[in-house]
Every structure is written in C-alpha cells, then in structure tokens.
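Shown next, in structure tokens, is the structure this report addresses.
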Amino acid sequence: QVQLAESGGGLVQAGGSLRLSCAVSGRTISRSAVGWFRQAPGKERTFAATIAGNTGSTYYADSVKGRFTISRDSAKNTVYLQIDSLKPEDTAVYYCAASGLASTYSNYYYQMATFYDFWGQGTQVTVSS
C-alpha cells in the first residue's frame with residue numbers, strides 16, 4: 001500500500017521560506033514521478049512542481065519558477081519542496097502525489113492531477129502579509 005505523508009507546513013511571514021517534506025512508503029520514489037500541487041481556499045488544485053523518478057529531472061509551473069525548488073533524498077524515500085520569498089498568495093494546502101510511472105515523454109502530463117495515482121492528505125501553508 002502506497003502512502004504519502006506531507007509535513008513542514010505552517011504560518012510564516014511574507015518573504016520567509018519553508019521546506020515541505022513528502023515521505024513516501026510502499027513504493028520507491030525512483031519508480032515514481034512525485035509532484036506537488038496546491039489548493040488555495042475556494043480555488044481548484046493546481047500543479048506546482050514534479051520530479052521524475054528515473055532521471056530526477058524537474059519541472060515547474062511557470063507561476064512558481066525561481067521560488068520553488070523540488071528535490072529528493074532517495075535514501076529517505078522523501079521528496080522536498082523548498083519555497084522561498086513566500087507571498088500571501090502562496091497560502092494554500094499543499095499536496096504531494098506519486099505516479100505509477102517514473103516519467104512521461106511530455107512535461108504537459110506532469111501538470112495533470114490524473115497523472116498521479118497516490119495522494120497525501122496535504123499540509124497547510126499560511127503566509128501573512
């Protein structure tokens with residue numbers, strides 16, 4: 001059984017940083033693309049970043065490029081999302097998700113929630129102005 005557990009969220013002032021963690025159990029992350037999505041209050045869940053399982057290649061939504069960094073620790077089977085220069089509009093529940101595929105031939109598919117088979121429960125990030 002594949003399980004994902006997010007942690008690291010919290011309340012932070014604008015301009016600050018956070019590092020979110022996604023601990024994966026039941027499946028080696030080298031076999032899965034693992035992504036981060038976020039859902040702001042009253043809005044749809046949107047893609048933020050992903051890291052391919054086999055290559056470690058990363059892909060980001062345009063809206064977060066330059067401030068978000070996705071990485072992984074294979075020994076811990078954990079994927080991280082570093083968020084810098086936080087803005088109030090980053091306030092959201094952040095979810096990590098793992099795909100049954102290690103990668104895809106087109107980055108387009110990483111943006112789609114349906115590409116991912118397993119989801120965590122989310123961690124709240126609140127940015128105060």
Side-chain angles (χ1 to χ4, degrees):
Q1 183 179 3
V2 180
Q3 293 184 321
L4 289 79
E6 302 96 334
S7 61
L11 175 63
V12 63
Q13 287 189 331
S17 298
L18 278 176
R19 188 177 79 156
L20 307 182
S21 300
C22 174
V24 180
S25 60
R27 186 176 179 91
T28 303
I29 58 175
S30 62
R31 297 179 57 210
S32 291
V34 178
W36 285 94
F37 287 72
R38 59 182 181 175
Q39 187 166 18
K43 296 187 177 181
E44 294 184 351
R45 192 173 300 187
T46 59
F47 169 77
T50 198
I51 185 165
N54 48 353
T55 64
S57 297
T58 58
Y59 177 66
Y60 298 90
D62 289 341
S63 59
V64 306
K65 283 180 181 177
R67 294 194 303 119
F68 286 30
T69 304
I70 190 169
S71 63
R72 67 184 180 184
D73 184 333
S74 297
K76 295 182 179 180
N77 218 45
T78 298
V79 174
Y80 303 99
L81 186 68
Q82 176 73 33
I83 310 175
D84 297 318
S85 303
L86 277 156
K87 305 175 182 180
E89 49 265 42
D90 293 322
T91 294
V93 178
Y94 284 70
Y95 298 91
C96 67
S99 173
L101 300 175
S103 62
T104 176
Y105 63 90
S106 172
N107 289 337
Y108 169 79
Y109 294 104
Y110 289 134
Q111 306 174 67
M112 302 173 65
T114 52
F115 176 73
Y116 302 88
D117 300 288
F118 311 101
W119 291 81
Q121 294 299 307
T123 185
Q124 176 71 47
V125 172
T126 303
V127 184
S128 62
S129 57

* Asked: Should Asp62 and Lys65 be marked as a salt bridge (charged side-chain N to carboxylate O under 4.0 Å, His left out) after you check the CA-CA gap, both sets of side-chain angles, and the distance that decides it?
  -> CA-CA 5 Å; Asp62 289 341; Lys65 283 180 181 177; 3.1 Å; yes
* Asked: For the rings on Phe37 and Trp119, is their centre-to-centre separation under 6.0 Å?
  -> yes
* Do Val125 and Tyr95 belong to the same hydrophobic cluster, where Ile, Leu, Val, Met, Phe, Trp and Tyr are linked whenever their side-chain heavy atoms lie under 4.5 Å apart, directly or via other members? -> no
* For the hydrophobic clusters of this structure (ILVMFWY residues joined by side-chain heavy atoms under 4.5 Å, transitively), does one cluster hold both Val2 and Phe115? -> no
* Asked: If you round to the nearest 0.5 Å, how far is CZ of Arg38 from OG1 of Thr46?
  -> 5.5 Å
* Structure fact -> Interatomic distance, CG@Asp90 vs OG@Ser63, rounded to 0.5 Å, equals 9.0 Å
* Working to the nearest 0.5 Å, report the span between OH of Tyr116 and SG of Cys96. => 11.0 Å
* Asked: Measuring from Asp84:CG to Leu18:CG, what's the distance to the nearest 0.5 Å?
  -> 9.5 Å
* side-chain contact (heavy atoms from CB on, under 4.5 Å) involving Thr123 - partner list, sequence neighbours excluded -> Glu6, Leu20, Tyr94
* Can you measure from CD (Gln13) to OG (Ser129) and round to the nearest 0.5 angstrom? => 9.5 Å
* To do: Determine, stepwise, if the pair Ser71 / Gln82 fulfils side chain to side chain contact (heavy atoms under 4.5 Å, CB included).
  => CA-CA 8 Å; Ser71 63; Gln82 176 73 33; over 6 Å; no
* Structure fact -> In this structure, CD1 of Ile51 is separated from OH of Tyr110 (nearest 0.5 Å) by 10.0 Å
* Taking the side chain from Thr91 and the backbone from Pro88, do they hold a donor-acceptor pair closer than 3.5 Å? -> yes
* Asked: Are more than 12 heavy atoms from other residues, nucleotides or ligands located less than 6.0 Å from atom OH of Tyr80?
  -> yes
* Asked: How about Tyr60 and Phe68: are their ring centres within less than 6.0 Å of each other?
  -> no
* Asked: Would you call Tyr109 and Leu101 a side-chain contact if the rule is heavy atoms closer than 4.5 Å?
  -> no
* Considering residues at least two apart in sequence or located in another chain, which fulfil the side-chain contact (heavy atoms from CB on, under 4.5 Å) criterion with Ala102? -> Asn54
* Evaluate whether atom CD of Glu89 has more than 12 neighbouring non-hydrogen atoms of other residues, nucleotides or ligands under 6.0 angstrom away. => yes
* Which atom of Thr55 lies closest to which atom of Arg72, heavy atoms considered -> C-NH2, 4.2 Å
* To do: Please confirm whether the backbone N or O of Gly100 pairs with a side-chain atom of Asp117, one donor and one acceptor, at under 3.5 Å?
  => yes
Hey, can you pull the donor-acceptor pairs under 3.5 Å for the side chains in residues 28-35, sequence neighbours left out?
residue : atom : partner : partner atom : Å
Ser32   : OG   : Arg27   : NE           : 2.4
Ser32   : OG   : Ser99   : O            : 2.8

* **Transitive ILVMFWY side-chain link Phe118 to Val93, under 4.5 Å** => no
* **Expected output: side-chain Asn77 to main-chain Val24 donor-acceptor under 3.5 Å** => yes
* Is the Phe47 to Tyr59 ring centre distance short of 6.0 Å? -> yes
